[in-house]
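Here is how names work: the chains are called A, B, and so on, in the same order as the sequence lines, proteins then strands, and each is numbered from 1.
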2 protein chains.
Amino acid sequence: MESVFQNETVREILTRYRRIWAIGHAQSVLGWDMEVNMPKEGILERSVAQGELSVLSQEFLLKPEFVELVEKAKSIEGLNEYERGVVRVLDRSIRISRSFPPEFLREMSEVTSQATKAWEEAKKSDDFSKFEPWLDRIIDLAKRAADYLGYEDEPYDALLDMFEEGLTTREVERMFSKLEKELKPLLERIMEEGKVPQSHPLEKERYEREWMEKVNLWILQKFGYPLGIRARLDVSAHPFTTEFGIRDVRITTRYEGYDFRRTILSTVHEFGHALYELQQDERFMFSPIAGGVSLGIHESQSRFWENIVGRSREFAELIHPVLGENLPFMADYTPEDVYLYFNMVRPDFIRTESDVVTYNFHILLRFKLERMMLNEGVKAKDLPELWNDEMENLLGIRPKSYVEGILQDIHWAHGTVGYFPTYSIGTLLAAQFYYHMKRDLNVEEHIANADFGPIKAWLREKVHRYGSISPPKELLKKSIGEELNPDYFIRWVKERYL
Amino acid sequence: MESVFQNETVREILTRYRRIWAIGHAQSVLGWDMEVNMPKEGILERSVAQGELSVLSQEFLLKPEFVELVEKAKSIEGLNEYERGVVRVLDRSIRISRSFPPEFLREMSEVTSQATKAWEEAKKSDDFSKFEPWLDRIIDLAKRAADYLGYEDEPYDALLDMFEEGLTTREVERMFSKLEKELKPLLERIMEEGKVPQSHPLEKERYEREWMEKVNLWILQKFGYPLGIRARLDVSAHPFTTEFGIRDVRITTRYEGYDFRRTILSTVHEFGHALYELQQDERFMFSPIAGGVSLGIHESQSRFWENIVGRSREFAELIHPVLGENLPFMADYTPEDVYLYFNMVRPDFIRTESDVVTYNFHILLRFKLERMMLNEGVKAKDLPELWNDEMENLLGIRPKSYVEGILQDIHWAHGTVGYFPTYSIGTLLAAQFYYHMKRDLNVEEHIANADFGPIKAWLREKVHRYGSISPPKELLKKSIGEELNPDYFIRWVKERYL
């Protein structure tokens, strides 16, 4: 396999980058092990190790010789697209890393670690006052982070860009104003017309973990997930995907013992993330362009498998027999039941419990609040009321507790502000990719036949093979020749739910 | 908890050492994951990551500022024993690391990685010629390693010291000449008298993995192994123990499906290693004196639990009921059967299948051959014959294949020469600790009552709490007031088997 990296300077960059890659590999393994295996009192030593590795990685990234090489490479003419990708990704990482003074990073790390504990306490006792002072400090940190990073229009731009390269507040606002305008009446019609139900008896059926393990493994096997060869499926409190490289990608799922849809759709969702990493070009191995380019694009892949494949009628029919074999109560339910159960639509207080249609309102709410925090001097004490008002405005329901409202997500406690919009971007893009795929493939027929090869090949060709060569917007142009367009998602909702 | 490290220079050393510690932590997690979880094609990226981390760790250890601090600390008067321990351990690591030129380490790494593949091939086809040229290169590397390290009397001293600080060839020779002289006639008498059998029908009984999992968990629970809190039990091809710190220690076992003694004694053996790490003084956390001091002392802990506890009559009685609950065939066997089955004595070609009495002859054989490789210009081609002759001399049996003889161990393929004697040292010390413990405790009664607390407390007080403060010989003086003495083991064999 000939290297795609021919330029001498880029090759030297990559040689030096290898230790940063190795530290990243180790950090991923340590993180995965912490969620999946670690005995609980291992946390102290693990946290110290992770902290040291972060500092180390940062030091190597910002070493003057390394930064100079990247600077030098930026001005070289005639680099190929892979080499330019390497330079772009590293230049961006260096820029972001250099923005923050060490004392700011230390403060961030201390505040978020204490804020996370406070949030856990607050959530447990449904007492917002325990979290409130920490949230104020986090709002302050987010503002300062935006200032350090710099921005043109407004501070929120700086934070968005950290999670989705090149994304602006104006674009997110445009996307959401369209969504809000179109989805609100749509949601009302969906609820009225009742083509899909608001609840289903299958929600209440209880299962043994071993039953659903078999079903999940069956599904992953049909998807061609290379279990034991290049991949794993494990269990953790919150499902996630991690990659240690191109040849070792791991997903987790969860088993609550009821509402089996959750474990299936989690598994299918994480499979979508995993596939993106597994289908990377192996020539990018050990380089910074190996791996998914952004959170939004990554989420488009997981949502594609969750919403387009996992919630399709064909998928419900495909898995009905294996459900029947493993879940005794399935004798009473048809494939149509499975389909309806997977496609219920009803306003819910909790984002992670939400259906495909109402989900975006949850993100919109958080986007509005985060922007207010940064722009309008909103204080933590104002937020619960603002949250509840906005929830009532968007979904017509008003939380009766903090846990149903502002205390539900861990993101802010982690200091993560500006991340939520990528969830919606992924959801919209999944539908957009779907309609493009339909021009080339009979998607439903392939799902019905458990013939996922062509779908995977299409995603590889259109998205995965680019790795992180180009920033998300350019990737979309190369891939489908257009930018993010919410119309596809709205069309999909109409076709599916009306 | 007040720090035991008060000296400013030592504190600065420890601050800088923390990143070396963190890299070590990561290397251990990566290594454990590779044996226990890694999908098979993850090997390429994992090896590269491990290689980079090794180089990094070495670089930090040999950084001039770090080395200077350690040098400075060496001449400080009035350091306490903990501080002196830190300086000694780091000074030794630096000295060993600096002995080898980078090109030698690279050659070692390349040769051993190819030699390991060649050994696997050779073993699979019972064809020594595939391994022979690699073994010659490994003999050459071992000689050069000894030269780089330096020695007083003979090259083998240098290699021994790497694995067991301060151990000399002369001491090993003295130990083995005593063992050979005493154990040979003893073995004959044991076989003649037949107080323990040479085989037992329980060897052939087959089991389901779940049955023995339950038994192993029951035993570990009786031992007070903090499963899920500070410890784990997993499965791997070759059982091992690893520690990621004092609060996260993991052992593995194996399930062959027959001869259940193996999985129990493996688990009990690894528990002994784990306990040594779990009972470290928490004040040593993140420092180089946390953790077992040497391979020989470590093996004494695992052998104590395996031989003294696991092979005792009281232990056989203790576990007989739980065996009965989980193994249907146990209805036909008494506690006495379990005891005899765990204590069979018979010459075997394979070291890892050997009983307590013949085990040391296997080590002696390897010691003789390794010393010849270094001193007498013996070539790889001569070794199979030398092996077989010595096996016949020691145990009266002659291997009929390479697999039964020289190809059985992986150690040489890994470039590990000088390691084997630590196995015997551990075996002998286990008995020595036992007789010392008997002065303070009624060991058998505690085992019979599953009251392991006092035994664990004794080991903590006499061995574990010292961490790596003192080199092994000094540790023994502090602990039991005498040096390694094979007489205890010989006495134990007589009392047990005659």
(request) Would you sort out whether B/R19 and A/L53 count as a side-chain contact (heavy atoms from CB on, under 4.5 Å), showing the intermediate values? (result) CA-CA 7 Å; B/R19 53 178 48 185; A/L53 293 178; over 6 Å; no
(message) Salt bridge check, A/R250 against B/D33: does any charged N sit closer than 4.0 Å to a carboxylate O?
(response) yes
(request) For residues B/L44 and A/M285, determine if any side-chain heavy atom of one lies less than 4.5 Å from a side-chain heavy atom of the other. (result) yes
(request) Evaluate the side-chain proximity of B/I23 to A/L56: yes if any heavy-atom separation is below 4.5 Å, no if none is. (result) yes
(message) Which atoms of A/A231 are under 4.5 Å from chain B, going by heavy atoms: the side chain, the backbone, both sets, or neither?
(response) backbone
(message) Other residues, nucleotides and ligands only: do more than 12 of their heavy atoms fall within 6.0 Å of CZ on A/R98?
(response) no
(message) Between B/L30 and A/H25, is there a side-chain heavy-atom distance shorter than 4.5 Å?
(response) yes
(message) Let me confirm one number: the CG-CD distance from A/L278 to B/E41, rounded to the nearest 0.5 Å.
(response) 10.5 Å
(message) Treating A/R230 as the side-chain partner and B/P39 as the backbone partner, does any N or O pair qualify as donor plus acceptor under 3.5 Å?
(response) no
(message) Quick check: do B/D248 and A/I43 have side-chain heavy atoms less than 4.5 Å from each other?
(response) no
(request) Kindly say whether B/R247 contributes a backbone atom to a donor-acceptor pair with the side chain of A/E45 at under 3.5 angstrom? (result) yes
(request) Supply the atom-to-atom distance A/Y17 OH to B/E52 CD, rounded to the nearest 0.5 angstrom. (result) 11.5 Å
(request) Could you look at B/E59 and say if it's the side chain, the backbone, both or neither that has a heavy atom under 4.5 Å from chain A? (result) side chain
(request) Check each atom of B/M38 against the heavy atoms of chain A and say whether the ones under 4.5 Å are side chain, backbone, both or neither. (result) both
(message) If you count heavy-atom pairs within less than 4.5 Å of chain A, which of B/A49, B/G42, B/A22 leads?
(response) B/A49
(request) Identify the heavy atoms of B/R232 and A/N37 that sit nearest to each other, and give their distance. (result) NH1-O, 2.9 Å
